[in-house]
K.L.:
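Here it is, the structure, as structure tokens.
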Amino acid sequence: MNTLATVSVEALRATAPRPPAQAAAPRWTVAQVEALLALPLMDLVFQAQTVHRLHFDANEVQLSTLLSIKTGGCAEDCGYCPQSVHFEAGVEATKLMPLDEVMEAAEAARAQGATRFCMGAAWRNLKDRDVDRVSAMVRGVKGLGLETCMTLGMLEAHQAHALKDAGLDYYNHNLDTAPELYGDIVSTRTYQDRLDTLALVRDAGMNVCCGGIVGLGENRSHRAGLLAQLANLDPYPESVPINNLVQVAGTPLAGTDALDPFEFVRTIAAARIAMPTTMVRLSAGREQMDEALQALCFLAGANSIFYGDRLLTTSNPQAERDRALFARLGLTVQGRGLGQ
Ligand code: SAM
Ligand code: DTB
Ligand code: SF4
């Protein structure tokens with residue numbers, strides 16, 4: 001009798017010699033991302049749109065609304081941020097917002113058509129004394145049928161688990177720029193601190209929202225460095241916000257030469273190609289972009305925006321104006337009907 005015929009493929013695989021364990025090779029090198037960024041724009045956008053269509057409805061956009069639940073007075077010194085206590089940017093510090101006000105804002109966001117509600121606090125790190133209050137916000141907002149996202153600074157493992165237990169869907173924590181430029185932009189924490197919190201978020205079972213900010217005076221190689229870091233997170237983030245610096249007087253980066261808008265489009269396109277299934281969010285800086293540029297960003301693979309007239313401390317296009325843009329572009333809203 002041919003015994004082999006009765007042995008399952010699984011059993012054979014289980015006994016087969018295994019290759020020696022190797023560190024996983026990075027999916028993307030900085031040079032590879034830089035080569036993408038250097039493509040002729042039409043080729044790059046075509047490639048990004050092709051990848052986009054393999055995984056998404058190319059005419060659909062997802063809407064997230066932001067709420068600053070604790071503004072200003074932040075101990076960190078991120079050179080782009082008006083909420084740092086180190087700079088005079090005219091932002092008044094507030095205490096943590098009461099639950100009923102958060103619920104009111106979330107209900108308004110839902111009524112406008114948002115499907116995700118992102119709550120941001122200007123904290124270096126979450127304190128144990130605030131865990132119950134932010135957890136109550138997660139439960140409340142989730143109870144409205146919205147996806148929940150929070151960005152509260154650095155976390156410890158038990159805090160990440162508490163947020164997950166409360167039902168938090170996404171935690172936003174950006175790498176912001178390339179590792180080698182990070183120290184020029186922020187001195188009060190390290191790149192590794194950011195990576196550590198991201199690992200805790202992942203370990204606790206939450207979705208990761210992690211992106212960056214361009215227009216800081218970085219070069220193309222830095223933008224490639226940021227995207228390679230993001231794409232090589234294993235797994236890569238489910239959401240990747242790409243922010244264009246909103247220059248606020250009083251912050252050290254105010255007065256930086258504005259980024260060429262086509263470089264911004266290239267960054268979006270390369271993010272789409274390097275992270276094919278992520279939601280690429282066209283984030284801060286939309287108010288300063290015209291509608292044709294935003295359309296080009298959607299063509300390059302952006303499929304999510306911050307929606308509502310405020311970001312955290314700065315302004316964002318009016319919801320009505322965005323709805324008119326969706327109608328003009330024939331974009332539908334994820335979870336809603338055309339242009340609603
Ligand atoms: N404090 C938390 C932290 O830094 O992780 C959460 C809030 S912080 C405001 C979230 C992100 O907003 C930053 O990582 C940065 O990418 C973005 N951001 C802050 N100020 C900005 C600005 N002036 N223009 C564009 N993006 C900005
Ligand atoms: C992200 O990447 N961008 C958002 C959100 N995550 C928290 C914040 C943008 C802030 C823009 C400046 C402000 O309004 O203060
Ligand atoms: Fe604080 Fe976040 Fe602003 Fe940095 S970006 S100063 S951590 S609020």
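For ligands, and for the atoms within them, numbers begin at 1 and follow the listed sequence.
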K.L.:
Note the single closest protein heavy atom to atom 12 (O) of ligand 1, along with its residue, its atom name and the distance in Å.
P.N.:
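That would be N174 ND2, 4.5 Å.
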K.L.:
Among all the protein's non-hydrogen atoms, which is closest to atom 26 (N) of ligand 1, and how far away is it?
P.N.:
I213 CD1, 3.3 Å
K.L.:
So is Y80 touching ligand 2 or not, going by heavy atoms under 4.0 Å?
P.N.:
no
K.L.:
Test your reading of the model: is there a side-chain donor-acceptor pair from Y307 to the backbone of Q112, 3.5 Å cut-off?
P.N.:
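A pair under 3.5 Å: yes.
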K.L.:
Please confirm whether N172 comes within less than 3.5 Å of ligand 1 when only nitrogen or oxygen atoms on both sides are compared.
P.N.:
no
K.L.:
Any chance CG of D257 has more than 12 other-residue heavy atoms, nucleotides or ligands included, within less than 6.0 Å?
P.N.:
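Counting neighbours around CG of D257, 12 or fewer heavy atoms of other residues, nucleotides or ligands fall under 6.0 Å, so no.
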K.L.:
Determine, counting only non-hydrogen atoms of the protein, whether one lies under 4.0 angstrom from atom 4 (Fe) of ligand 3.
P.N.:
yes
K.L.:
Should you measure from each heavy atom of A122, which atoms of ligand 3 turn up under 4.0 Å away?
P.N.:
8 (S)
K.L.:
Calculate, to the nearest 0.5 Å, the distance between atoms CG and CD1 belonging to L331 and I305 respectively.
P.N.:
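Going from the CG atom of L331 to the CD1 atom of I305 covers 9.0 Å.
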K.L.:
Are the side chain of R266 and the backbone N or O of L37 linked by a donor-acceptor pair below 3.5 Å?
P.N.:
yes
K.L.:
Quick check on contacts: which atoms of ligand 3 are under 4.0 angstrom from a heavy atom of Y80?
P.N.:
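Under 4.0 Å from Y80, ligand 3 has these atoms: 5 (S).
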K.L.:
Is atom 8 (S) of ligand 1 close to the protein, meaning a heavy atom under 4.0 Å from it?
P.N.:
no
K.L.:
Check the surroundings of atom CZ in R124: do more than 12 heavy atoms from other residues, nucleotides or ligands lie under 6.0 Å from it?
P.N.:
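More than 12 within 6.0 Å, yes.
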K.L.:
Does R272 reach the main-chain N or O of M275 with its side chain, forming a donor-acceptor pair under 3.5 Å?
P.N.:
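Yes: the side chain of R272 pairs with the backbone of M275.
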K.L.:
Counting non-hydrogen protein atoms only, what is the nearest one to atom 20 (N) of ligand 1? Give residue, atom name and distance.
P.N.:
Y80 CD1, 3.4 Å
K.L.:
For L66, take its heavy atoms, then give the atoms of ligand 2 lying under 4.0 Å from any of them.
P.N.:
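Every atom of ligand 2 under 4.0 Å from some heavy atom of L66: 4 (C), 5 (C), 7 (C).
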K.L.:
Could you check if a side-chain atom of S239 sits within less than 4.5 angstrom of a side-chain atom of N207, using non-hydrogen atoms only?
P.N.:
no
K.L.:
Examine distances only and state if a side-chain atom of T278 and a backbone atom of P237 form a donor-acceptor pair shorter than 3.5 Å.
P.N.:
yes
K.L.:
Provide the number and element of each atom of ligand 2 under 4.0 Å from a heavy atom of T313.
P.N.:
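Those atoms are 13 (C), 14 (O), 15 (O).
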K.L.:
Look at ligand 1 and say whether L253 reaches it with a heavy atom at a distance under 4.0 Å.
P.N.:
no
K.L.:
Does any N or O atom in T314 lie less than 3.5 angstrom from one in ligand 2, N or O only?
P.N.:
yes
K.L.:
Show the atoms of ligand 3 that are less than 4.0 angstrom away from any heavy atom in C74.
P.N.:
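Per the distance check, 1 (Fe), 6 (S), 7 (S), 8 (S).
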K.L.:
So is C78 close enough to ligand 1, meaning a heavy atom under 4.0 angstrom away?
P.N.:
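So C78 does not count as touching ligand 1.
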K.L.:
For Q159 and D128, run side chain to side chain donor-acceptor pair (under 3.5 Å): C-alpha distance rounded to whole Å, both residues' side-chain angles, the deciding distance at 0.1 Å, then the answer.
P.N.:
CA-CA 7 Å; Q159 298 172 334; D128 282 343; 2.8 Å; yes
K.L.:
Closest non-hydrogen protein atom to atom 16 (O) of ligand 1, residue and atom name please, with distance?
P.N.:
D176 OD1, 2.7 Å
K.L.:
How far is atom 5 (C) of ligand 2 from its nearest protein heavy atom, and which residue and atom name does that atom have?
P.N.:
F306 CZ, 3.7 Å
K.L.:
Below 2.8 Å, can you find an N, O or S atom of C81 next to atom 3 (Fe) of ligand 3?
P.N.:
yes
K.L.:
Please indicate whether E88 has more than 12 foreign heavy atoms, meaning atoms of other residues, nucleotides or ligands, lying under 6.0 Å from its CD.
P.N.:
no
K.L.:
Determine whether more than 12 heavy atoms belonging to other residues, nucleotides or ligands lie under 6.0 Å from atom OH of Y191.
P.N.:
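Atom OH in Y191 is packed in, count exceeds 12.
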K.L.:
Looking only at protein heavy atoms, which one is nearest to atom 6 (C) of ligand 1, and how far off is it?
P.N.:
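Among all protein heavy atoms, the one nearest atom 6 (C) of ligand 1 is T151 OG1, 3.0 Å.
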K.L.:
Do any N or O atoms from the side chain of R310 and from the backbone of T313 form a donor-acceptor pair under 3.5 angstrom?
P.N.:
yes
K.L.:
What about L312: any of its N or O atoms under 3.5 Å from an N or O on ligand 2?
P.N.:
yes
K.L.:
Compare all side-chain heavy atoms of F56 with those of M279 and state whether any distance is below 4.5 angstrom.
P.N.:
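SC-SC contact between F56 and M279 confirmed.
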K.L.:
If you take the nearest heavy atom of each of M150, R194, K70, Q288, which one is closest to atom 5 (O) of ligand 1?
P.N.:
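Considering heavy atoms of M150, R194, K70, Q288, the nearest to atom 5 (O) of ligand 1 sits in R194.
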K.L.:
Is there a heavy atom in T151 that sits closer than 4.0 Å to ligand 2?
P.N.:
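Under 4.0 Å: yes for T151.
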K.L.:
Could you tell me which atoms of ligand 1, counted from 1 in the order shown, lie closer than 4.0 angstrom to a heavy atom of A284?
P.N.:
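Taking each heavy atom of A284 in turn, ligand 1 has 25 (C), 26 (N) under 4.0 Å.
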K.L.:
For N172 and C118, indicate whether the former's side chain and the latter's backbone hold a donor-acceptor pair under 3.5 Å.
P.N.:
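Here the side-chain-to-backbone pair does not exist.
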K.L.:
What I want to know is whether N172 and ligand 2 share at least one N or O pair that is separated by under 3.5 angstrom.
P.N.:
yes
K.L.:
Could you list the atoms of ligand 2 found under 4.0 angstrom from a heavy atom of P241?
P.N.:
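Per the distance check, 2 (O).
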K.L.:
What part of N174, side chain, backbone, both or neither, has a heavy atom within less than 4.0 angstrom of ligand 2?
P.N.:
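Looking at N174 and ligand 2, just side chain atoms fall under 4.0 Å.
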K.L.:
Considering the options N174, V280, I213, L282, which one meets the side-chain contact (heavy atoms from CB on, under 4.5 Å) requirement together with I242?
P.N.:
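Result for side-chain contact (heavy atoms from CB on, under 4.5 Å) with I242: V280.
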K.L.:
Do we see a donor-acceptor contact under 3.5 Å between the side chains of Q192 and D196?
P.N.:
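Yes, because at least one side-chain N or O of Q192 sits under 3.5 Å from a partner of the opposite role on D196.
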K.L.:
Among all protein heavy atoms, pick out the one at the shortest distance from atom 24 (N) of ligand 1; state its residue, atom name and that distance to 0.1 Å.
P.N.:
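Going atom by atom, the protein heavy atom closest to atom 24 (N) of ligand 1 ends up being V246 N, 2.9 Å.
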K.L.:
Where's the contact between R189 and ligand 3, heavy-atom distance under 4.0 Å: side chain, backbone, both or neither?
P.N.:
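Under 4.0 Å from ligand 3, R189 contributes side-chain atoms alone.
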K.L.:
Please determine if Q83 has a nitrogen or oxygen closer than 3.5 Å to a nitrogen or oxygen of ligand 2.
P.N.:
no
